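Below is one structure, written out as structure tokens; comments come after it.
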Amino acid sequence: TQLLEQSPQFLSIQEGENLTVYCNSSSVFSSLQWYRQEPGEGPVLLVTVVTGGEVKKLKRLTFQFGDARKDSSLHITAAQTGDTGLYLCAGYNFNKFYFGSGTKLNVKP
Amino acid sequence: KAGVTQTPRYLIKTRGQQVTLSCSPISGHRSVSWYQQTPGQGLQFLFEYFSETQRNKGNFPGRFSGRQFSNSRSEMNVSTLELGDSALYLCASSPTGWDTEAFFGQGTRLTVV
């Protein structure tokens, strides 16, 4: 059983569309990270959210941490082919990172 | 500032052999964690080292071991390799391990045949 559940598992959309990826848990986390990973490479940190209710924007990407610090969402506006990859959320507690199973995003031209 | 460096990038080993993977963390980072990534299980935590001591351990058999040197470089060893050990092995470094961010290397792709 994954401590962090991500949905959807797979997402295939056309360039220009919007999308939202969810990361949910029954546990409270002191912080939550979002990573993007391309095939054969390590995950690259996109953002860290720490405060419940926090919203962070990174160009076309908007990240939100739930008020109770149990869930998070990643919204991409006007997706581009360069956004293709595996998106992972990771919760941090007690000196350990717990990773979600990932959302595989494919943006078609 | 150099990132996390893992060597080698690719390895092919035979069942029953052993393998050693290396990870050099970002300069100044003292915590190194290791993860196994497979399509079916996702990212699974193996162990974390800080100041040459194993501080945290995941649920992997004793065939998986590691160590950390005084310069914070870390090695991971897998003995008696099984086909199921085929995976991308990732290491991540952070300054103290109590930080809220970790930085990953590119990984070592291990294939057991």
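The model shown is predicted, which means the values in this text are computed figures rather than measured ones. Letters A, B, ... are given to chains in the order of the sequence lines, protein chains preceding strands, and every chain is numbered from 1.
- The shortest distance between side-chain heavy atoms of Leu86(A) and Gln37(B) falls below 4.5 Å.
- With Leu43(B) as reference, Phe99(A) is the one residue of Tyr98(A), Phe99(A), Tyr35(A) to meet the side chain to side chain contact (heavy atoms under 4.5 Å, CB included) rule.
- The neighbour count for Lys56(A) NZ, taken as heavy atoms of other residues, nucleotides or ligands under 6.0 Å away, is above 12.
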Subject >> Check against salt bridge (Lys or Arg N to Asp or Glu O under 4.0 Å), Glu41(A) and Arg9(B) >> reply: CA-CA 10 Å; Glu41(A) 301 292 327; Arg9(B) 288 292 310 274; 3.6 Å; yes
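- Taking both residues in full, the closest heavy atoms of Pro43(A) and Leu90(B) are given as CD-CD1, 3.7 Å, listed atom of the first, atom of the second, then distance.
- More than 12 heavy atoms of other shown residues, nucleotides or ligands fall within 6.0 angstrom of atom CG in Asn71(B).
- Heavy-atom neighbours of Gln14(A) CD from other residues, nucleotides or ligands within 6.0 Å: above the threshold of 12.
- Interface residues of residues 58-84 of chain A toward chain B, defined by a heavy-atom distance below 4.5 Å: none.
- Placement of Tyr10(B) and Val113(B) in two distinct hydrophobic clusters is found when ILVMFWY residues are connected by side-chain heavy-atom separations under 4.5 Å, directly or transitively.
- Leu88(B) and Leu21(B) fall into different hydrophobic clusters, defined by Ile, Leu, Val, Met, Phe, Trp and Tyr side-chain heavy atoms under 4.5 Å apart, directly or through other members.
- No part of Gln6(B) comes within reach of chain A, as not one of its non-hydrogen atoms sits under 4.5 angstrom from that chain.
- Tracing side-chain contacts under 4.5 Å through hydrophobic residues (I, L, V, M, F, W, Y), one never reaches Leu45(A) starting from Val32(B); they form parts of separate clusters.
- Crowding of Lys57(B) atom NZ: a count of heavy atoms from other residues, nucleotides or ligands under 6.0 Å exceeding 12.
- Atom CZ in Phe104(B) sits 8.5 Å away from atom CD in Gln37(A) (nearest 0.5 Å).
- For Arg63(B), the salt bridge (charged side-chain N to carboxylate O under 4.0 Å, His left out) partners are Glu82(B), Asp85(B), not counting sequence neighbours.
- With a 4.5 angstrom heavy-atom cutoff, Tyr35(B) touches chain A only via side-chain atoms.
- In the hydrophobic clustering of ILVMFWY residues, with side-chain heavy atoms under 4.5 Å counting as a link, Trp34(A) and Tyr22(A) come out apart.
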